[in-house]
Engineer: 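First, the structure itself, so that you have it in front of you.
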Amino acid sequence: MTNTSVTPILELRLATKNYAGVPAIEEIDFSLTPGEIHAIVGENGAGKSTLTKVMAGVVNLSSGQMLINGEEVNPRTPSEALALGVAMVFQETSLVPTMTVAQNLFLGQERYFNRLRGIYIEAQQFMQSLQFDVDPTAVVSLLGAAKKQMVEIARAVLHNAKVIIFDEPTASLTPEEKKYFFDLVIALKARGVSVIFISHAIEEALQISDRITILRDGKRVVTDEKVNFDRSRIVQTMVGRDLSKTHYGQRKTTVRPQGKRVLSVQNLRMAAMVKNNSLSVFAGQITGVFGLVGSGRTETFKVVAGIIKRDFMHGGEVILNDKPVRYFVPAPAVRDGIAYVTEDRKLEGFFETKSIADNIYLGLLAKIRSARTFVSRKDADQSGEHWIKRLNIRAISKDVKAIELSGGNQQKVVIAKSLIQEPQLIIFDEPTRGVDVGAIAEIHQLINQLADEGKAVVVISSYLPEVMSLSDRILVQSMGKVVEEYSALDATEEKIMYAAIH
Amino acid sequence: MIDAIIKLKDRILGRGDAAITIPVFDGALKPNNLLEDAEIFASLDATQDLATDGKHLFVADGARVLRYEAATAHELHHFEQPVTALACLPDGGIAVALAGREVRIVGGTYDGTRWDAADGSAFNAVNAISVSSEGTLLVTDGSTEQPTNNWKNDLMGLGSTGRVFELTLRNGAIRTLATGMAYAFGACSVNGTTWVSESWRHRVMSVNAGERPTPVTDSLPGYPSRLFAASGGGVWLTCFILRTQLVEFVLREHPFRKRMIQEIEPQYWIAPALNSGNTFLEPMQGAHLKMMGVVKPWAPPRSYGLIIRLNEQGEILYSMHSRFDGKNHGVTAAVECQGHLYVLAKGRPTILRLSIADAERSLKI
């Protein structure tokens with residue numbers, strides 16, 4: 001429990017940040033005491049990321065004050081913030097993909113003469129002390145999302161920060177990894193480190209935090225001790241609207257009948273990740289694919305979408321509408337009606353410096369066979385406006401750059417970019433990762449709508465309630481292949497998890 | 001030339017026709033034990049086919065045709081040769097195929113009508129007869145090279161001499177609907193079109209005279225056999241044997257396959273079978289190993305029991321299975337009569353009966 005009479009280690013007073021004159025956060029008062037775990041929750045676009053970016057020196061305040069240990073500071077860059085003892089672990093990893101884990105860990109702390117072997121040993125010892133099973137010699141680009149997240153966390157801890165800000169730290173972690181993460185956060189607290197924790201998983205906020213601040217539409221609604229909150233109060237305060245009509249987290253009582261077999265994957269192999277994997281996907285249904293990180297789910301469907309290639313020899317077959325297909329690049333797959341909505345939207349989902357309308361229109365251009373000399377600005381604007389309205393993308397205008405949007409709205413842009421291609425098979429990879437409750441409901445509604453329209457929908461998710469509430473049939477993948485299939489009517493969390501880990 | 005290069009490339013890289021891949025049992029094909037748990041209706045040694053007039057079950061058993069009233073069998077006819085296919089006619093007669101070489105009408109308006117050849121070529125392996133919606137007979141002749149009992153030789157010999165005929169009862173005319181099929185085994189009229197099982201290509205085709213056959217359902221994990229109209233529309237499709245990667249591999253290894261045919265007894269071939277587990281001399285499949293004295297049900301099966309319910313669009317609605325560790329294997333016929341499905345499991349051999357409503361309820365259809 002926190003003692004509010006203690007001088008806050010970090011404090012914001014009437015903090016306001018404007019983007020193009022529109023406030024992303026407005027007159028927010030916030031305080032963090034030493035050794036406190038403070039959860040910040042809020043809906044899509046509520047201003048959580050902006051608030052924490054201000055603290056981490058990524059963006060600067062338009063007005064208001066920031067104080068550390070009672071002294072006013074104004075960090076202009078993340079390195080200045082780090083020097084003040086504030087580190088941020090980003091929602092989308094900010095590691096250098098071409099460098100090894102150890103190199104990333106010590107980036108910015110290099111000595112004049114560095115010996116790689118020494119760095120690797122040091123990194124190995126440090127990672128082991130955190131119980132993170134990550135090879136320090138591995139190149140970051142080859143790591144999965146969870147392991148990248150671990151490296152991010154380890155880097156913040158290594159920099160001996162007094163305040164560590166976690167933006168959606170558990171979104172890509174497996175339950176086991178989450179346990180380690182929580183243990184780590186508790187250990188940090190015991191060392192006197194203060195932790196700011198942004199999460200869309202309300203249970204996690206309730207489980208781990210001392211205090212909770214709820215933001216809505218860029219304003220602080222309430223800050224209170226954890227004991228004064230329960231799930232329903234948080235949700236109500238966050239969204240200010242009734243979410244009981246959504247299917248999120250509820251068990252299915254009916255399932256859609258299976259339509260035509262759109263996709264048949266037969267004995268697919270892809271390096272060590274996909275091993276003799278076979279599965280089918282049917283029209284008019286949502287096929288949920290669950291598996292722990294490293295089970296080869298993403299890789300299987302990336303092969304289907306032509307993003308990565310299967311084994312050169314005896315790589316198995318991918319049969320789309322009863323015809324074998326082999327894509328070397330995604331473009332022909334897009335033309336054949338396959339859309340893949342990536343799990344890593346920042347890296348693969350959109351051009352962050354382009355506008356919403358441009359990003360969406362690029363999705364359409366990807367489908368057109370012949371290269372266009374001239375691109376219609378009018379078409380791009382019209383399609384942008386149409387999809388902003390249809391998917392309820394919250395932005396000042398269609399011309400806002402994608403990077404300026406919140407995670408949930410960015411995800412909607414990525415989805416719109418795929419839907420504009422009018423696909424018949426849509427693969428959603430972690431569709432609500434890093435997305436708040438309100439946007440989750442909207443995205444789930446959209447996914448259901450697509451299946452109702454007769455499209456074949458695949459939802460890859462690490463979040464069991466999401467798989468169970470969305471899917472008509474659930475495939476469980478483990479060790480590179482599908483090991484079990486359940487109808488949504490028969491599935492339980494225990495059954496699915498049992499299949500995934502055995 | 002280019003074709004040869006492509007084939008060589010595929011063979012080296014394991015792609016295209018050389019890809020040894022098998023569709024998976026998932027979705028509506030997810031294995032269950034419905035067929036294994038079905039009630040045994042009758043055990044007969046030489047049953048070849050089932051038929052129904054809507055009220056009674058008719059069974060072709062050796063050279064006899066039996067009619068069942070409740071559970072009691074009455075011998076209806078006794079022929080000089082074994083009956084290889086059977087169908088009930090709307091006027092009360094029956095159509096039988098004798099030794100696969102002759103189609104004969106017994107009873108009814110067209111009693112005594114016979115056919116034994118088409119287009120100057122004698123029937124050789126007539127294995128299924130059904131009545132079309134126009135009242136004609138749809139007949140499949142599996143192979144012009146191998147008799148019905150030697151289907152395994154036809155499969156391992158890569159046979160593709162199956163034919164489909166339409167026989168007109170009124171005037172005895174014969175019309176060839178399709179030739180060159182890789183074992184035609186079962187036909188049925190669905191919404192005015194003729195569906196035919198093409199076993200060795202694992203598919204059901206829609207064939208109509210003068211038109212190019214088109215697939216109704218493709219890439220089946222088993223070898224389809226007879227089709228029978230289902231009461232709610234669509235058909236019951238039986239699969240009498242199952243595909244495995246080992247067999248697919250042997251089918252592509254031509255020198256090995258030819259030598260195996262020449263030197264080994266057919267019952268010990270690396271080939272599918274109607275039943276298995278009878279002798280240790282049987283070839284082992286990949287992963288076909290006993291764990292703690294038990295062969296796991298997910299082991300690749302040499303024999304299997306499978307019935308697939310297709311709708312009128314050829315989509316699979318659900319399926320019934322007798323899995324690797326079961327006994328009701330080698331299903332060659334399934335007919336629907338009075339709300340029950342009668343199933344011929346030739347591997348056992350036995351006739352099974354199960355309630356369609358109960359089966360659908362258990363599958364939550």
Side-chain angles (χ1 to χ4, degrees), chain A residues 252-269 276-287 289 300 309-326 454 456 471-477 481-491, chain B residues 6 9-32 201-205 214-221 232 234 243-246 248-249 252 286-287 296 298 300 308-319 360-365:
Chain A
K252 278 206 157 192
T253 50
T254 56
V255 292
R256 297 177 187 84
Q258 157 182 324
K260 183 179 179 294
R261 184 171 60 189
V262 174
L263 174 74
S264 173
V265 172
Q266 296 179 10
N267 307 104
L268 189 74
R269 292 160 207 263
N276 205 24
N277 196 12
S278 299
L279 56 93
S280 309
V281 176
F282 303 92
Q285 259 194 344
I286 300 174
T287 302
V289 184
T300 299
K309 292 178 197 167
R310 71 191 90 165
D311 280 358
F312 189 68
M313 294 174 76
H314 299 283
E317 285 195 291
V318 175
I319 297 171
L320 185 71
N321 291 321
D322 294 332
K323 284 181 188 160
V325 292
R326 179 178 280 266
S471 314
D472 296 304
R473 57 190 279 266
I474 299 164
L475 303 177
V476 185
Q477 195 153 332
K481 62 182 167 188
V482 172
V483 292
E484 188 56 279
E485 179 193 3
Y486 295 107
S487 160
L489 302 176
D490 301 330
Chain B
I6 289 170
K9 182 207 77 180
D10 283 350
R11 193 169 160 72
I12 293 168
L13 299 180
R15 297 180 184 175
D17 287 342
I20 303 166
T21 61
I22 294 172
V24 67
F25 276 109
D26 69 353
L29 285 173
K30 190 185 174 192
N32 52 50
R201 292 196 180 116
H202 337 106
R203 60 188 183 180
V204 175
M205 303 294 285
T214 52
V216 174
T217 184
D218 209 345
S219 287
L220 289 166
R243 298 168 69 183
T244 66
Q245 281 189 298
L246 182 63
E248 298 282 323
F249 174 73
R252 287 160 177 79
K296 296 296 177 189
W298 54 83
I308 299 171
R309 175 76 164 84
L310 297 174
N311 68 10
E312 287 165 324
Q313 286 75 46
E315 292 162 359
I316 299 170
L317 296 178
Y318 57 89
S319 55
E360 291 185 348
R361 205 172 302 123
S362 75
L363 292 168
K364 296 175 184 164
I365 304 288

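Just so you know, these numbers come straight off a predicted model, no measurement behind them. First the proteins, then the strands, lettered A, B, ... as listed; each starts at 1. No hydrogens, no waters, no symmetry mates; every other heavy atom, side chains included, goes into these values.
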Engineer: Please state whether the side chain, the backbone, both or neither of L268(A) comes within less than 4.5 Å of a heavy atom of chain B.
Structural biologist: neither
Engineer: Select one option (side chain, backbone, both, neither) describing which atoms of D472(A) are under 4.5 Å from chain B's heavy atoms.
Structural biologist: neither
Engineer: Identify which of G259(A), P257(A), P324(A) forms the greatest number of heavy-atom pairs closer than 4.5 Å to chain B.
Structural biologist: G259(A)
Engineer: Quick one: are M313(A) and R269(A) in side-chain contact, heavy atoms under 4.5 Å?
Structural biologist: no
Engineer: Would V482(A) and V265(A) count as a side chain to side chain contact (heavy atoms under 4.5 Å, CB included) here? Give the steps.
Structural biologist: CA-CA 11 Å; V482(A) 172; V265(A) 172; over 6 Å; no
Engineer: Heavy-atom pairs under 4.5 Å with chain A - which of V24(B), T21(B), I12(B) has more of them than the others?
Structural biologist: T21(B)
Engineer: Does any part of the side chain of R310(A), heavy atoms only, come nearer than 4.5 Å to the side chain of R326(A), both counted from C-beta?
Structural biologist: yes
Engineer: Name the member of G16(B), G14(B), A18(B), G27(B) that forms the most heavy-atom pairs with chain A at distances under 4.5 Å.
Structural biologist: G27(B)
Engineer: Counting C-beta onward and ignoring hydrogens, is there a side-chain heavy-atom pair between Q285(A) and R473(A) closer than 4.5 Å?
Structural biologist: yes
Engineer: Measure distances from I20(B) to the heavy atoms of chain A and classify the residue's part below 4.5 Å as side chain, backbone, both or neither.
Structural biologist: backbone
Engineer: Out of I22(B), T217(B), D218(B), which one racks up the most heavy-atom pairs below 4.5 Å with chain A?
Structural biologist: I22(B)
Engineer: Counting only non-hydrogen atoms closer than 4.5 Å, does F312(A) touch chain B with its backbone (N, CA, C, O), its side chain (CB onward), both, or neither?
Structural biologist: both
Engineer: Hey, does the side chain of S278(A) reach the backbone of N267(A) with a donor-acceptor pair shorter than 3.5 angstrom?
Structural biologist: yes
Engineer: Any side-chain to backbone donor/acceptor pair from D10(B) onto A19(B)? Under 3.5 Å, distance only.
Structural biologist: no
